[in-house]
Amino acid sequence: MKSTTHLFLFLIVIFLTSCSTNDSKTNSMKPVKVIFLHHSTGQRIWQGDISSLTAKFKKKVLKKSALDIWMDDYNKSNSTNYQIKEQAFPKREPYGWNNYPYDYYNIWIKNAGDKPFMEEPTLEMLTKDYNVIVWKHCYPVSDIKEDIGIPDIDSEEKRIENYKLQYNALKEKMHQFPDTKFVVWTGAALLQTRTSEDNAKRAKEFFNWVTSEWNEEGDNIYIWDFRELETEGDIYLKPAYASGEKDNHPNNNFSGKVLPLFTNRLVDIIENDGSKTNIKGEKL
């Protein structure tokens with residue numbers, strides 16, 4: 001009996017030592033720090049599919065999201081130290097709940113520097129703290145009006161001619177930080193009931209330009225084609241993926257479905273410069 005007890009204690013010590021060694025190995029790895037800048041659509045993907053959880057456990061998941069849990073598991077399995085943090089950008093106050101091409105241009109280029117603009121961090125600030133910066137737009141970005149033939153980089157109007165100027169300026173700005181990797185989501189789509197056919201076609205046209213022309217091989221900017229996943233090549237958000245008949249937010253099922261594609265893409269960008277996944281996050 002005594003020898004059995006000693007053997008049991010010995011096995012426990014071995015197990016704890018093994019766990020400690022593995023944790024130590026993971027923690028000793030040089031951290032890769034990721035910041036995810038988003039609004040409500042991004043928050044849905046961050047949380048993943050929580051529809052099957054009880055109210056009690058939903059609170060726990062919201063404290064530690066599905067993306068957090070996925071990354072923790074990946075770190076443990078691969079002895080990596082990828083640290084991801086999310087942040088509403090820009091905040092409701094004082095800047096306002098707008099994260100469209102003009103707003104990134106306004107904060108990061110027009111008001112660049114080592115000090116925040118209206119309490120929002122500039123790229124000079126973010127690149128000092130993070131190795132990877134993920135940024136996106138919420139679905140109103142896709143309600144694009146007709147061009148008027150007067151492109152204006154300082155305009156807040158949602159027109160392709162303005163978007164292109166702002167995106168080209170943003171690309172040039174991001175290239176100034178070659179040691180930082182940037183992951184840009186294509187813009188979230190709108191339901192057919194929440195936009196016009198012409199505006200939806202223009203949104204498809206613009207984000208096709210982003211993926212086919214604006215995107216460059218071999219630089220520090222990478223694409224995750226969220227829009228393609230939402231629309232499956234159409235011009236509208238698929239009703240089956242929406243939170244309601246008039247709610248453009250992705251639903252729980254869709255969020256859970258695409259979260260692994262985002263994490264696949266993100267990790268591949270960190271480890272392989274995105275060479276082993278396509279822009280939807282599917283493994284090649």
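Quick note: numbers below take in every heavy atom, side chains included, and nothing from hydrogens, waters or symmetry partners.
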Under 3.5 Å, side chain of Asp219 to main-chain N/O of Ile221, donor-acceptor pair present? yes
Do Asn162 and Asp152 pair up side chain to side chain, a donor and an acceptor below 3.5 Å, judged on atom types alone? no
Set of side-chain contact (heavy atoms from CB on, under 4.5 Å) partners for Lys145, sequence neighbours left out: Arg159
Just do the side chain to side chain contact (heavy atoms under 4.5 Å, CB included) check on Val132 and Thr180 with the steps written out, would you? CA-CA 6 Å; Val132 182; Thr180 302; over 6 Å; no
Give me each pair satisfying salt bridge (charged side-chain N to carboxylate O under 4.0 Å, His left out) with a member in residues 91-112, each pair once, sequence neighbours excluded. Lys91-Glu120, Lys110-Asp154
Expected output: side-chain Thr186 to main-chain Val210 donor-acceptor under 3.5 Å: no
The test is side chain to side chain contact (heavy atoms under 4.5 Å, CB included); show your working for Lys257 and Asn253 and say whether it passes. CA-CA 6 Å; Lys257 174 184 174 182; Asn253 182 59; 5.5 Å; no
Apply ring pair (Phe, Tyr, Trp, His ring centres under 6.0 Å) to Tyr102 and list each qualifying residue two or more places apart in sequence or on a separate chain. none
CZ/Phe254 to CG/Leu259 distance, rounded to the nearest 0.5 angstrom? 11.0 Å
Side chains of Thr41 and Phe226, heavy atoms from C-beta outward: is any pair under 4.5 Å? yes
Name the orientation class of the two ring planes belonging to Tyr163 and Phe206 (parallel below 30°, tilted from 30 to 60°, perpendicular beyond 60°). perpendicular
Run the side-chain contact (heavy atoms from CB on, under 4.5 Å) test against Pro178 and tell me which residues pass, sequence neighbours left out. none
Sequence neighbours excluded, which residues qualify as ring pair (Phe, Tyr, Trp, His ring centres under 6.0 Å) partners of Phe36? His38, Trp185, Phe262
Distance-only, no hydrogens or angles: does the His39 side chain make a donor-acceptor pair with backbone N or O of His137 under 3.5 Å? no
Side-chain donor-acceptor pair under 3.5 Å between Asp143 and Thr195, yes or no? yes
How far apart are the closest heavy atoms of Asp147 and Glu161, and which atoms are they? OD1-N, 3.0 Å
Do Asn99 and Phe89 come within less than 4.5 Å of each other through their side chains, counting heavy atoms only? no
Got a sec, which hydrophobics cluster with Tyr139, joining ILVMFWY side chains under 4.5 Å apart, including via others? Leu190
Donor-acceptor contact below 3.5 Å, side chain Ser65 vs main chain Leu67: yes
Flag side-chain contact, heavy atom, 4.5 Å: Leu229 against Leu261: yes
Could you note down all residue pairs passing salt bridge (charged side-chain N to carboxylate O under 4.0 Å, His left out) where residues 220-236 supplies at least one of them, sequence neighbours left out? none
Can any side-chain N or O of Asn111 pair as donor or acceptor with the backbone N or O of Asn106 at less than 3.5 Å? yes
Within the structure provided, determine whether Leu266 and Asn264 are in side-chain contact (heavy-atom separation under 4.5 Å). no
Any side-chain heavy-atom pair of Asn220 and His175 under 4.5 Å: yes
Could you state the interatomic distance from OG (Ser255) to CH2 (Trp46), rounded to the nearest 0.5 Å? 14.0 Å
Gln83: partners by side-chain contact (heavy atoms from CB on, under 4.5 Å), with sequence neighbours left out: Pro31, Lys33, Asn81
Can you list, by chain and residue number, the hydrophobic cluster partners of Ile235 when the side-chain cut-off is 4.5 Å? Tyr236
Spacing of CG belonging to Leu170 relative to OH belonging to Tyr104, to within rounding of 0.5 Å: 9.5 Å
Roughly how far apart are Ile223 CD1 and Ile279 CD1, rounded to 0.5 Å? 7.0 Å
So, Arg44 versus Ser243: side-chain donor-acceptor pair below 3.5 Å or not? yes
Any side-chain heavy atom of Val183 within less than 4.5 Å of one from Ile133? no
For Glu216, does the CD atom have more than 12 heavy-atom neighbours from other residues, nucleotides or ligands under 6.0 Å away? yes
Evaluate the side chain to side chain contact (heavy atoms under 4.5 Å, CB included) criterion for residues Leu123 and Met174: first the C-alpha distance (whole Å), next the side-chain angles of each, then the deciding distance (0.1 Å), finally the verdict. CA-CA 8 Å; Leu123 276 190; Met174 289 185 283; 4.2 Å; yes
With Asn272, which residues qualify under side-chain contact (heavy atoms from CB on, under 4.5 Å), at least two apart? Asp268, Ser275, Lys276
Worked verdict on Trp135 versus Phe182 for ring pair (Phe, Tyr, Trp, His ring centres under 6.0 Å): CA-CA 8 Å; Trp135 59 271; Phe182 295 89; 8.1 Å; no
Ring pair (Phe, Tyr, Trp, His ring centres under 6.0 Å) against Tyr100, all qualifying residues, sequence neighbours excluded: none
Please state whether the rings of Phe117 and Tyr95 are parallel, tilted or perpendicular, taking 30° and 60° as the class boundaries. perpendicular
Count the heavy atoms of every other residue, nucleotide or ligand shown that sit under 6.0 Å from CD of Gln176, and state whether that count exceeds 12. yes
May I ask you to decide if Lys283's main-chain N or O and Asn278's side chain share a donor-acceptor pair within less than 3.5 Å? no
Working to the nearest 0.5 angstrom, can you tell me the gap between Thr277 OG1 and Trp224 CH2? 11.5 Å
If the threshold is 4.0 Å, N to carboxylate O, is there a salt bridge linking Asp273 and Lys181? yes
Reported CD1-to-OG1 distance for the pair Ile45 and Thr263, which is rounded to 0.5 angstrom: 11.0 Å
Steps toward side chain to side chain donor-acceptor pair (under 3.5 Å) verdict (Trp108, Thr122): CA-CA 5 Å; Trp108 286 350; Thr122 62; over 6 Å; no
Between Lys128 and Glu124, is there a side-chain N and carboxylate O pair less than 4.0 Å apart? no
Partners passing ring pair (Phe, Tyr, Trp, His ring centres under 6.0 Å) against Tyr105 (at least two apart in sequence or in another chain): none
At their closest point, which heavy atom of Pro116 faces which heavy atom of Met125, and how far apart are they? N-SD, 3.4 Å
Contact summary for Ser142 and Phe207, nearest pair of heavy atoms: OG-CE1, 4.3 Å
Minimum heavy-atom separation for Asp68 and Ile84, please, with both atom names. OD1-O, 3.9 Å
